[in-house]
Amino acid sequence: MAQTTYAAGTGPFGLAVVDVNSDSKPDIIVTNVNSNNVGVLLNTGNGTFATQTTYLTGTKPDSVAVVDINNDSKPDLIVTNLNSNYINVLLNIGSGTFTAQTTYSTGSGPYDVEVIDVNNDNKPDIVVLNSGSNNVGVFLNIGNGTFAPQTTYSTGSTPFTLAVVDVNNDGNPDIIAPNSVSNNVSVLLNVGNGTFAPQTTYLTGSGPYGVAVVDVNSDSKPDIIVANSGSSNVGVLLNTGSGTFTAQTTYPTGSLPLNVVVVDVNNDGKPDIITGNYNSNNVSVLLNTGNGTFTAQTMYATGTNPRNVAVVDVNNDGKIDIIVANQGSGNVGVLLAC
């Protein structure tokens with residue numbers, strides 16, 4: 001599984017792989033943190049991609065979500081800007097082209113973003129992780145892709161990523177955020193109407209960074225998987241019911257894992273773990289052996305400083321491929337499954 005690379009801007013950082021031009025082929029969207037723009041690389045077929053088209057953002061764009069927010073069946077871009085302290089919304093105007101940005105103020109250091117309907121009104125809302133403010137901000141969608149000012153909820157110290165998933169089976173999506181300085185993960189349960197209870201925390205390894213929330217042991221309860229960057233491992237916290245979790249079980253990765261994705265890569269019906277290892281210049285794949293336990297990692301080389309990872313079939317062969325934003329190399333790598 002050797003990578004093919006495509007030029008990005010300076011410091012490719014955030015990553016999403018979504019069909020933005022309605023041709024049934026997933027495209028690459030990457031934030032270029034030092035170029036202050038977001039690049040769109042359209043899939044030209046067979047898992048190859050066109051040269052990026054860029055759109056201006058604020059300063060230090062670091063995360064991107066790609067979701068239809070105005071109900072026109074075209075996925076839009078929502079970008080966090082670390083140094084500008086706002087999010088951008090760039091509406092898709094067709095064929096994978098986008099409007100100039102509209103901005104909404106956040107807390108300090110907005111780092112990660114998820115877009116999901118949190119108040120059950122069938123309009124996707126924005127949840128942003130404000131790393132400098134130690135909180136999450138919730139922007140409710142008021143229609144036509146416009147948003148109310150954020151409501152904030154406290155987390156632990158210096159959270160960098162989040163997931164928004166229903167962990168207690170009440171039909172309301174909850175917020176999960178690992179806190180890199182507190183060495184724990186916050187769970188904020190949705191109490192209805194898009195409001196959230198105070199956090200409950202669970203211990204992790206050192207420097208928890210990336211997070212995924214997926215049922216890994218086939219009990220219909222989503223579990224927490226966290227990349228412990230300081231410990232160079234992943235922690236698996238199994239859901240024991242009602243949104244409560246066991247102590248973590250850890251599995252070694254490469255050095256400084258900053259991102260984790262959990263998806264079935266070998267078509268056995270069990271979700272596997274993939275991490276991007278920033279200091280090792282590789283990705284780790286840990287196969288699920290059943291009951292939420294995992295094999296030792298297999299590593300695949302990437303470019304320099306893989307910062308974010310996405311996993312999707314980009315060439316329509318029924319096999320899951322790995323896409324990596326190589327921050328140090330200034331490119332995006334595509335590793336096609338064999």
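This chain uses plain numbering: 1 for the first residue, then up along the sequence.
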>> Exactly one of Asn134, Asn179, Asn135, Thr201 should register a side chain to side chain donor-acceptor pair (under 3.5 Å) with Ser186. Which one does?
In response: Asn179
> Roughly how far, to the nearest 0.5 Å, is OG1 of Thr253 from CG of Leu286?
Replying inline: 8.0 Å
> Is the shortest heavy-atom distance from the side chain of Ser255 to the side chain of Asn277 under 4.5 Å?
Replying inline: no
> Does CG belonging to Asp72 count more than 12 external heavy atoms closer than 6.0 Å?
Replying inline: yes
> What do you reckon, is CG of Asn46 surrounded by more than 12 foreign heavy atoms closer than 6.0 Å?
Replying inline: no
> Between atom CG of Leu77 and atom OG1 of Thr57, what is the distance when rounded to the nearest 0.5 Å?
Replying inline: 10.5 Å
> If you look at every heavy atom in Thr158 and Ser180, which pair is closest and at what distance?
Replying inline: O-OG, 2.7 Å
> Going hydrophobic residue to hydrophobic residue with side-chain gaps under 4.5 angstrom, can you get from Met299 over to Ile322?
Replying inline: no
> Can you list every ring pair (Phe, Tyr, Trp, His ring centres under 6.0 Å) pair that touches residues 246-274, not counting sequence neighbours?
Replying inline: Tyr251-Phe294
> If only atom types and distance count, is the side chain of Asn71 paired as donor or acceptor with the main-chain N or O of Ser73 below 3.5 Å?
Replying inline: no
>> Within this structure, what is the OG1-CG distance for the pair Thr295 and Asn288, rounded to the nearest 0.5 Å?
In response: 8.5 Å
> At their closest point, which heavy atom of Asp121 faces which heavy atom of Lys123, and how far apart are they?
Replying inline: OD1-N, 3.0 Å
> What pairs meet the ring pair (Phe, Tyr, Trp, His ring centres under 6.0 Å) rule with one or both residues in residues 72-100, with sequence neighbours excluded?
Replying inline: Tyr55-Phe98
> Pro208 and Gly205: which non-hydrogen atoms are nearest, and at how many Å?
Replying inline: CD-O, 3.5 Å
>> Looking at every heavy atom in both Thr31 and Gly14, which two are closest together, and how far apart are they?
In response: OG1-N, 2.7 Å
>> Please identify which of these residues, Asn120, Thr195, Asn193, Asn119, meets the side chain to side chain donor-acceptor pair (under 3.5 Å) condition with Asn172.
In response: Asn120
>> If you compare all heavy atoms of Gln150 against all heavy atoms of Gly137, which two are closest, and at what distance to 0.1 Å?
In response: OE1-CA, 3.2 Å
> Where the side chain of Asn308 meets the backbone of Phe13, is there a donor-acceptor pair that is under 3.5 Å apart?
Replying inline: yes
> Is Asp219 reaching over with its side chain to a backbone N or O of Lys221, donor-acceptor style, under 3.5 angstrom?
Replying inline: yes
>> Nearest 0.5 Å, please: how far is CG in Leu188 from CG in Asp174?
In response: 8.5 Å
> Between Asp321 (side chain) and Val314 (backbone), is there a donor-acceptor pair under 3.5 Å?
Replying inline: yes
>> If you count every heavy atom of other residues, nucleotides or ligands that lies below 6.0 Å from Asn266 atom CG, does the total exceed 12?
In response: yes
>> I'd like to know if the side chain of Asn228 and the backbone of Thr204 have a donor-acceptor N/O pair within less than 3.5 Å.
In response: no
> Are Val18 and Val113 connected in the hydrophobic side-chain network, where two residues link if heavy atoms are under 4.5 Å apart?
Replying inline: no
> Side chain of Asp19, backbone of Asn21: donor and acceptor closer than 3.5 Å?
Replying inline: yes
>> Quick check on Ile142: does its CD1 atom have over 12 non-hydrogen neighbours (other residues, nucleotides or ligands) under 6.0 Å away?
In response: yes
>> Please check: side-chain N/O of Ser131 versus main-chain N/O of Phe160, any donor-acceptor pairing under 3.5 Å?
In response: no
> Where do Val185 and Val226 land on the side chain to side chain contact (heavy atoms under 4.5 Å, CB included) test, with the steps shown first?
Replying inline: CA-CA 8 Å; Val185 60; Val226 61; 5.6 Å; no
>> Same cluster or not: Val67 versus Tyr104, using hydrophobic residues (I, L, V, M, F, W, Y) connected whenever any side-chain heavy atoms lie under 4.5 Å apart?
In response: yes
> Tyr300 pairs by side chain to side chain contact (heavy atoms under 4.5 Å, CB included) with which of Val285, Ile274, Asn282, Val324?
Replying inline: Val285
>> If we ignore hydrogens and angles and just use 3.5 Å, is the side chain of Asn259 paired with the main-chain N or O of Arg307 as donor and acceptor?
In response: no
> Does Val261 share a hydrophobic cluster with Val214, counting links as ILVMFWY side-chain heavy atoms below 4.5 Å and allowing steps through other members?
Replying inline: no
> Are Thr106 and Phe139 close enough that some pair of their side-chain heavy atoms sits under 4.5 Å apart?
Replying inline: yes
> Side chains of Val236 and Ile273: does their closest heavy-atom pair fall under 4.5 Å?
Replying inline: yes
>> Quick check: do Asn85 and Pro110 have side-chain heavy atoms less than 4.5 Å from each other?
In response: yes
> Within the distance-only criterion (no hydrogens, no angle test), does the side chain of Asn281 pair as donor or acceptor with the backbone N or O of Asn305 below 3.5 angstrom?
Replying inline: yes
> When you look at Thr304 and Asn326, which way does the side chain to side chain contact (heavy atoms under 4.5 Å, CB included) test go after all the steps?
Replying inline: CA-CA 6 Å; Thr304 307; Asn326 296 307; 5.8 Å; no
>> Please evaluate residues Ile323 and Val311 with respect to the criterion side chain to side chain contact (heavy atoms under 4.5 Å, CB included), reporting the C-alpha separation (whole Å), side-chain torsions for both, the decisive distance (0.1 Å), and the verdict.
In response: CA-CA 6 Å; Ile323 302 89; Val311 182; over 6 Å; no
> Can a salt bridge be assigned to the pair Lys60 and Asp62 using a cut-off of 4.0 Å between side-chain N and carboxylate O?
Replying inline: no
> Picking from Val30, Thr4, Ile29, what satisfies side chain to side chain contact (heavy atoms under 4.5 Å, CB included) with Val332?
Replying inline: Val30
> CG/Leu91 to CG/Asp76 distance, rounded to the nearest 0.5 angstrom?
Replying inline: 5.0 Å
>> Can you give me the closest heavy-atom contact between Leu287 and Asp272, atom names plus distance?
In response: CA-OD1, 3.3 Å
> Less than 4.5 Å apart, any side-chain heavy atom of Thr275 and any of Val309?
Replying inline: no
> Is there a chain of hydrophobic side chains (I, L, V, M, F, W, Y, each step under 4.5 Å between heavy atoms) that links Ile69 to Val64?
Replying inline: no
> Is any side-chain heavy atom of Glu114 less than 4.5 Å from a side-chain heavy atom of Ile175?
Replying inline: no
> Do Thr161 and Asp112 have side-chain atoms, one donor and one acceptor, less than 3.5 Å apart?
Replying inline: no
>> A side-chain contact here means heavy atoms from C-beta on lying under 4.5 Å apart; do Thr10 and Asn32 qualify?
In response: no
> Are there more than 12 heavy atoms of other residues, nucleotides or ligands under 6.0 Å from atom CG of Asn144?
Replying inline: no
> To the nearest 0.5 Å, how far apart are CG in Leu189 and CD1 in Ile176?
Replying inline: 8.5 Å
> With distance as the sole test, does Thr44 use its side chain to make a donor-acceptor pair with the main-chain N or O of Ala50 at under 3.5 Å?
Replying inline: no
> Mind checking whether Val262 and Asp223 have side chains closer than 4.5 Å, heavy atoms only?
Replying inline: no
> Should Ser229 and Leu256 be marked as a side chain to side chain contact (heavy atoms under 4.5 Å, CB included) after you check the CA-CA gap, both sets of side-chain angles, and the distance that decides it?
Replying inline: CA-CA 4 Å; Ser229 64; Leu256 201 70; 3.7 Å; yes
